[in-house]
Amino acid sequence: MDILGQLLVSGIAVGGVYALIALGFVIIYKATSIINFATGEFMMIGAYLLYTFMVMTGLPAIPAFLLVMAGAALLGMLVERAILRHMLGQPTISIVMVTIGLSSILMGLAELIWSTGFKNFPPLFPRAPIIVGDIIIRSNLFWGFVIAMAAVIVFALIFKYAKVGVAMRATADDQMAAFSMGINVRNIFTLAWSLGAIAAALGGVIIGNIGGIQPTLGHIGLTIFPVVILGGLDSIGGAVIGGFIVGIVENVAGGYLDPIVGGGVKAIAPFVVLVLILLFRPYGLFGKEDIERL
Amino acid sequence: MNILSVENLSLSFGGLAALTDITFQVRAGEIFSIIGPNGAGKTSILNCIGGFYKPQQGRITLDGKDVTKTSPDRRAAMGLARTFQNIALFRGMTVLDNIKLGAHARLKTSLLQALLYWGPAHAEEMALREDVEKDVIDFLEIEPIRKLPVGALAYGLQKRVELARALAMRPKVLLMDEPVAGMNAEETEDMARFVLDIKEERGGTIVLIEHDMDVIMDISDRVMVLNFGHKIAEGTPEEIQHHPEVIKAYLGEKKN
């Protein structure tokens, strides 16, 4: 029983962080219908930015953190304005290839700027683990979870209530109608890329704080992909629940099965669940069912 | 007074001429209808006026300002509203949210302000809601359904919600693309009455595309007829019904 509780709690904590990164995918997809395969690299850049501001320029944590968000917003904006805007109306596969190419470019840039060596943030949180009853949570994971959840709530509130959020939902629903309502759809695209990049970069900072930073940090984006598909590409609530499911499945399956089969289950389990769920709900748990009216 | 003027408008897609040298003026406070057989270019004209198609030639003036090069969202902010042939409501939202979005074009707080300062944006939002309730929801008699998601509504009601959303923009000119298409007799009658009320009670200007000739002849002040992208006639419903070119376009030429 103890071990299950421990695994569940770790799963939820990791899942919260996954949820935030999944939002990076969802926000961009919702507004622009583009799956950003460079989301993992946005995370990696976010982590390196924090490293740069804190270690190389010696800023305190909070201003550095805010600068990371500004930097990520700028990165998202640049990518949209300089590259994706010109891809409007091109086939989906071309746009997907562009984002995959972008991920390689960002990774190469990171190696050039920060070299390939392993880096760490200075300690951001008190080192002592959080202990509740028999359950122990590593301090970095606990605080990472808290920050991720706060960010997820802020994003959800923006989408639900702020005028920009409503405009983004409208754009996602019907671009021509959104234009006709006086919504500047191009600005909404830019904004979606900025917000998506911020979500990814914050996720990257949290992951980097837990596991250290290197140019391949973005590969975790691959783990997040089941989260996004599971929840439905265009659902914020789905991203959150998908995040928790994947976090829990990963930890519980890994915890029980790894000792038996000798490891590796943690990496596979989310994909098994993904395939199973997609068999029954091809549009994800909460995704929009595309109804064609004839 | 002309509130909308289209001069020498020509539009082609590659080698295909969709519109050729179309000129017409819409007067403030009238219902101006555009009719013509399928593929005559009616919706293309609305898309040019709305800013979605870039005509190769011609000039479009809205309320005295040249808008030929203006983006669709700017034109909307200048007082151009639109309903679509295939309902283009925001399906994930409620009726009220859809309508409020129409009114958002009128809000003064910018997007960034709305993101950063909740206070003033919020106050404006509340005033807007009250305004919309009185002005649009009561007028179109959709009070009982305003909290429902639009996807759940019957077709005729969805069309009415789309009209409500356009009216919430307080447009100077309202473009309507086939407002009664696919409606039953009762729904058609309701819609025709609302369109007439918009003109008579609110002094609205409407540009209407429709295939239902009874509705067109009943409510239009003036009618323009297109065929294969050319304007073939313009006049009162009475004049149009007896215009030889129009009869030819609709019924074909008599063989002797």
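We name chains A, B, ... by the order of the sequence lines, and we start the count at 1 in each one.
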Steps toward side chain to side chain contact (heavy atoms under 4.5 Å, CB included) verdict (A:F179, B:R75): CA-CA 9 Å; A:F179 257 130; B:R75 294 190 205 197; over 6 Å; no
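- B:A76 and A:S180 get closest at one heavy-atom pair: CB-O, 3.4 Å.
- Between A:V166 and B:L101 there is a side-chain heavy-atom pair separated by less than 4.5 Å.
- Using a 4.5 Å cut-off between heavy atoms, B:N86 does not touch chain A at all.
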Test log, rule side chain to side chain contact (heavy atoms under 4.5 Å, CB included), inputs B:N47 and A:M176: CA-CA 10 Å; B:N47 281 339; A:M176 199 163 166; 3.1 Å; yes
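- Within 6.0 Å of CD1 on A:I62 lie no more than 12 heavy atoms contributed by other residues, nucleotides or ligands.
- The two residues A:A170 and B:M93 make their nearest non-hydrogen contact at N-CE, 3.5 Å.
- Only the backbone of B:L80 has a heavy atom closer than 4.5 Å to any heavy atom of chain A.
- Atom NZ of residue B:K100 and atom CE of residue A:M181 lie 15.0 Å apart, to the nearest 0.5 angstrom.
- Around the CZ atom of A:R186, the shell of radius 6.0 Å holds no more than 12 heavy atoms that belong to other residues, nucleotides or ligands.
- Heavy atoms only, all atoms of each residue included: A:A177 and B:A88 are closest at CB-O, 3.3 Å.
- The closest side-chain heavy-atom distance from B:D73 to A:N187 is not below 4.5 Å.
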Worked check of side chain to side chain contact (heavy atoms under 4.5 Å, CB included) between B:F90 and A:R169: CA-CA 8 Å; B:F90 304 119; A:R169 277 156 59 207; over 6 Å; no
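- Few gaps surround CZ on B:F13; more than 12 heavy atoms of other groups in view lie less than 6.0 Å from it.
- Annotation: B:K147, atom NZ; neighbour count of heavy atoms from other residues, nucleotides and ligands within 6.0 Å does not exceed 12.
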